[in-house]
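Have a look at the structure below before the remarks.
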Amino acid sequence: MTIDQQLELLTARHVDLFSGDELKKKLEIAAKEGRGLRIKYGADPSAPDIHLGHVVGLNKLREFQDAGHTVVFIIGDFTGMIGDPSGKSATRPALSKEQVLENAESYKKQVFKILDPEKTEVRFNSEWLGEMRFEDVIRLSAHVTVAQLLARDDFSKRYADNRPISLVEFLYPLVQAYDSVMVEADVELGGTDQLFNLLLGRELQKIYGQHPQVVMTLPLIEGLDGVQKMSKSLNNYVGVNEASKEMFGKLMSVSDELMWKYFLYILCRPPEEIDAMRARVSSGELHPRAVKDELGRCIVDRFVGEGEGAKAAEEFARVFAERKLPTDMTELALEGEIGLIDLVVKAGFAGSNGEARRLIQQGGVRLDDVQNKDIKAVIPPVDGMILRVGKRKFARLSLS
RNA sequence: GGUGGGGUACCGAAGCGGUCAAACGGGGCAGACUGUAACUCUGCUGGCUCAGCCUUCGAAGGUUCGAAUCCUUCCCCCACCA
């Protein structure tokens with residue numbers, strides 16, 4: 001592959017790039033010296049769930065790896081251990097060393113569904129940050145002014161609105177930038193919200209006498225609600241470790257408009273192909289459901305395993321389109337007569353009796369597909385009876 | 001150090017002596033509809049032995065027949081001016 005071809009491939013789908021020329025130069029030098037570039041990517045260890053939002057960046061990293069470059073995957077365990085007060089109400093609990101390591105393991109397992117372990121260097125930033133003395137921290141801080149930090153969009157907005165900005169948050173970009181110095185990153189990748197931090201990495205590298213990293217941002221894709229960016233705290237995400245059934249179902253709930261983005265950024269389908277599909281949908285030749293079905297299948301295949309997508313799709317059609325029972329469901333052993341409320345609670349479908357009562361009164365509870373709205377009902381035990389709550393919760397009753 | 005503003009249910013936010021288990025919005029759940037776990041519409045959303053009772057409005061005391069609302073002390077948060 002020529003440098004130009006590589007450049008084109010590697011810069012596909014980006015939002016910001018500083019700069020294409022620099023990247024080209026770096027690629028040329030690396031090629032001449034017969035080595036790969038170091039591509040940095042940072043991850044927060046407090047929430048060890050990789051979701052499709054992360055996949056956008058991970059895909060890009062994989063492309064770099066396939067072109068012969070090395071990914072430096074930084075787990076921000078240091079910040080995890082101090083706890084991050086950025087969310088104003090609930091200060092995140094500081095994680096213990098064991099927790100951090102445990103999370104890191106789970107992280108790796110997920111990340112390597114996408115990345116090539118052979119070409120990934122996993123680093124913990126406590127490795128260098130934990131060593132620093134306060135003096136070192138002050139020296140580091142001396143390189144940056146408050147005005148520079150306030151240039152960051154969300155800082156300046158909050159400052160103008162008299163909303164709090166914690167000093168830790170202020171320091172955070174600096175820490176991240178320092179990571180770039182420590183791993184001697186050639187390129188750093190991140191979501192568009194990371195732009196400021198990534199750019200600061202460049203500044204700091206220059207100060208430390210290194211060549212500034214190339215900065216590339218990728219879009220933050222919207223989550224299941226179609227409006228807010230996919231994130232764990234908003235609970236609008238699809239995790240790469242989820243069960244196929246969940247994964248497929250969640251993807252089917254995505255809006256028709258958003259699915260195109262998923263095709264592009266998660267499955268990396270070429271834009272021409274997507275445009276062609278789009279055209280066929282708007283002409284009525286192709287049903288949007290079929291497209292979304294394909295999206296679900298491919299994503300499940302990729303993250304759960306080849307062939308799992310088709311199974312999940314079948315199961316989904318069975319339960320939601322044909323309204324039939326799922327193939328497997330939890331078993332609930334009963335010993336004798338049981339009140340309907342108790343039954344729903346015992347099955348784990350309601351957190352309290354009150355909630356069970358509500359579900360029953362609202363017609364959300366069915367026994368063998370017959371709605372039962374009687375909160376006082378007592379169910380005689382029937383082996384194999386199916387309890388259904390809402391659209392998605394099923395249990396098979398059995399006698400013991 | 002000074003001034004001012006706050007701490008209310010999962011989150012945001014009203015309420016400022018009884019009609020408060022606490023408006024409203026978001027989120028969540030259920031129902032109808034649907035290609036869909038989308039959209040929209042409707043309802044529900046502290047607990048219980050549920051037409052009643054119990055525990056909740058930063059914490060502890062107090063005033064009152066009655067307190068999220070008034071008083072005292074304490075704890076915590078934020079902004080601004082120095």
Side-chain angles (χ1 to χ4, degrees), chain A residues 52 85-92 150 155-169 222-239 242-262 280-281 284-297 299-300 312-324 326 339-342 344-345 347-366 369-378 387-394:
Chain A
L52 297 186
S86 52
K88 63 246 144 184
S89 47
T91 309
R92 276 191 209 160
L150 275 176
F155 284 159
S156 57
K157 265 197 203 118
R158 283 200 276 166
Y159 191 63
D161 292 349
N162 283 354
R163 291 205 317 270
I165 302 169
S166 123
L167 192 52
V168 175
E169 289 178 85
E222 289 86 0
L224 300 175
D225 55 87
V227 180
Q228 306 220 244
K229 70 166 189 173
M230 186 176 283
S231 82
K232 191 173 187 199
S233 51
L234 292 170
N235 197 29
N236 63 353
Y237 71 104
V238 181
E242 286 189 58
S244 58
K245 216 160 90 179
E246 293 294 307
M247 201 181 269
F248 191 88
K250 284 185 181 182
L251 288 166
M252 288 305 275
S253 80
V254 150
S255 73
D256 289 358
E257 199 39 49
L258 189 57
M259 71 181 172
W260 304 114
K261 265 197 184 172
Y262 286 19
R280 286 176 62 210
V281 166
E285 186 192 334
L286 189 61
H287 198 291
R289 187 197 57 235
V291 179
K292 208 177 288 174
D293 189 78
E294 156 117 1
L295 177 76
R297 281 171 200 250
I299 291 180
V300 171
E314 254 171 63
E315 185 77 0
F316 186 85
R318 190 185 158 82
V319 177
F320 297 106
E322 298 166 34
R323 311 227 167 246
K324 288 187 188 157
L340 191 53
I341 290 176
D342 289 342
V344 172
V345 172
F349 296 159
S352 67
N353 290 1
E355 195 183 332
R357 192 176 318 238
R358 239 177 280 130
L359 285 167
I360 294 165
Q361 284 168 339
Q362 291 179 138
V365 174
R366 284 160 209 270
D369 222 29
V370 179
Q371 200 175 59
N372 191 331
K373 289 188 167 187
D374 181 8
I375 56 168
K376 296 216 168 94
V378 173
L387 169 71
R388 175 176 181 178
V389 175
K391 288 178 183 133
R392 300 167 49 199
K393 297 188 276 273
F394 297 85

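All values below were derived from every heavy atom in this structure, side-chain atoms included, with hydrogens, water molecules and symmetry-related copies excluded. Because the structure is predicted, anything quoted here is derived from the model rather than measured. A, B, ... follow the sequence lines: proteins, then strands. Residue 1 opens every chain.
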Sequence neighbours excluded, the answer for side chain to side chain donor-acceptor pair (under 3.5 Å) partners of Arg297(A) is Asp293(A)
Asn372(A) meets the side chain to side chain donor-acceptor pair (under 3.5 Å) criterion, sequence neighbours left out, with none
Without decimals, in angstroms, what is the distance between [X] [atom1] and [N] [atom2]?
X: Gln371(A); N: G31(B); atom1: CD; atom2: P; value: 8 Å
X: Glu257(A); N: U36(B); atom1: CD; atom2: C1'; value: 16 Å
X: Asp293(A); N: U34(B); atom1: CG; atom2: P; value: 20 Å
X: Phe394(A); N: A30(B); atom1: CZ; atom2: P; value: 11 Å
X: Leu286(A); N: G35(B); atom1: CG; atom2: C1'; value: 12 Å
X: Lys373(A); N: G43(B); atom1: NZ; atom2: P; value: 14 Å
X: Asp161(A); N: G5(B); atom1: CG; atom2: C1'; value: 16 Å
X: Glu315(A); N: U36(B); atom1: CD; atom2: C1'; value: 16 Å

query: Should Leu224(A) and Val254(A) count as side-chain neighbours, where that means a heavy-atom distance under 4.5 Å?
result: yes
Whether each nucleotide of nucleotides 77-82 of chain B has a protein heavy atom under 4.0 Å at its base (B), only at its sugar-phosphate (S) or at neither (-) is summarised, 5' to 3', as -SSS--
For Glu294(A), the side chain to side chain contact (heavy atoms under 4.5 Å, CB included) test, sequence neighbours excluded, returns Phe263(A), Arg269(A), Cys298(A)
Are more than 12 heavy atoms from other residues, nucleotides or ligands located less than 6.0 Å from atom CZ of Phe320(A)? yes
field: Backbone N/O of Ser166(A) and side chain of Glu169(A): donor-acceptor pair under 3.5 Å
entry: yes
Under 3.5 Å, N/O pairs linking protein and nucleotides 46-52 of chain B:
from: G47(B); atom 1: OP1; to: Ser352(A); atom 2: OG; distance (Å): 2.8
from: G47(B); atom 1: OP2; to: Arg358(A); atom 2: NH2; distance (Å): 3.3
from: C48(B); atom 1: OP1; to: Asn353(A); atom 2: N; distance (Å): 3.0
from: C48(B); atom 1: OP2; to: Gly354(A); atom 2: N; distance (Å): 2.8
from: U49(B); atom 1: OP1; to: Asn353(A); atom 2: ND2; distance (Å): 3.4
from: U49(B); atom 1: OP2; to: Asn353(A); atom 2: ND2; distance (Å): 3.3
from: C50(B); atom 1: N3; to: Arg357(A); atom 2: NE; distance (Å): 3.4
from: C50(B); atom 1: N4; to: Arg357(A); atom 2: NE; distance (Å): 3.1
from: C50(B); atom 1: N4; to: Arg357(A); atom 2: NH2; distance (Å): 2.6

Contacts satisfying salt bridge (charged side-chain N to carboxylate O under 4.0 Å, His left out) that involve residues 248-262 of chain A (not counting sequence neighbours) are Glu222(A)-Lys261(A), Glu242(A)-Lys250(A), Asp256(A)-Lys292(A), Glu257(A)-Arg278(A)
Check: Counting only distance, no hydrogens or angles, is the base of G43(B) paired donor-acceptor with the side chain of Gln362(A) under 3.5 Å?
Finding: yes
What integer number of Å spans the [atom1] atoms of [N] and [M]?
N: C78(B); M: G12(B); atom1: P; answer: 15 Å
N: G61(B); M: A68(B); atom1: P; answer: 15 Å
N: G58(B); M: U8(B); atom1: C1'; answer: 10 Å
N: G18(B); M: A67(B); atom1: P; answer: 11 Å
N: A60(B); M: C53(B); atom1: C1'; answer: 26 Å
N: G7(B); M: U69(B); atom1: P; answer: 12 Å

message: Classify Asp256(A) by what it touches in the nucleic acid, base, sugar-phosphate, or nothing, heavy-atom distance under 4.0 Å.
response: base
Any strand, both distances under 3.5 Å, Watson-Crick or G-U wobble: C39(B) pairs with none
pair_partner(G17(B)), Watson-Crick or wobble, both distances < 3.5 Å, evaluates to none
Would you please name every residue forming a salt bridge (Lys or Arg N to Asp or Glu O under 4.0 Å) with [X], sequence neighbours left out?
X: Lys229(A); result: Asp193(A)
X: Lys376(A); result: none
X: Arg163(A); result: Asp161(A)
X: Arg280(A); result: Glu285(A)

Polar atoms only, N or O, under 3.5 Å: list the protein pairs with nucleotides 37-40 of chain B and their distances.
from: A37(B); atom 1: O2'; to: Ser253(A); atom 2: OG; distance (Å): 3.1
from: A37(B); atom 1: N6; to: Lys245(A); atom 2: O; distance (Å): 3.1
from: A37(B); atom 1: N1; to: Arg392(A); atom 2: NE; distance (Å): 3.3
from: A37(B); atom 1: N1; to: Arg392(A); atom 2: NH2; distance (Å): 2.7
from: A37(B); atom 1: N3; to: Arg392(A); atom 2: NH1; distance (Å): 3.1
from: A38(B); atom 1: O4'; to: Ser253(A); atom 2: O; distance (Å): 3.1

The ring pair (Phe, Tyr, Trp, His ring centres under 6.0 Å) partners of Phe248(A) (sequence neighbours excluded) come to Phe316(A)
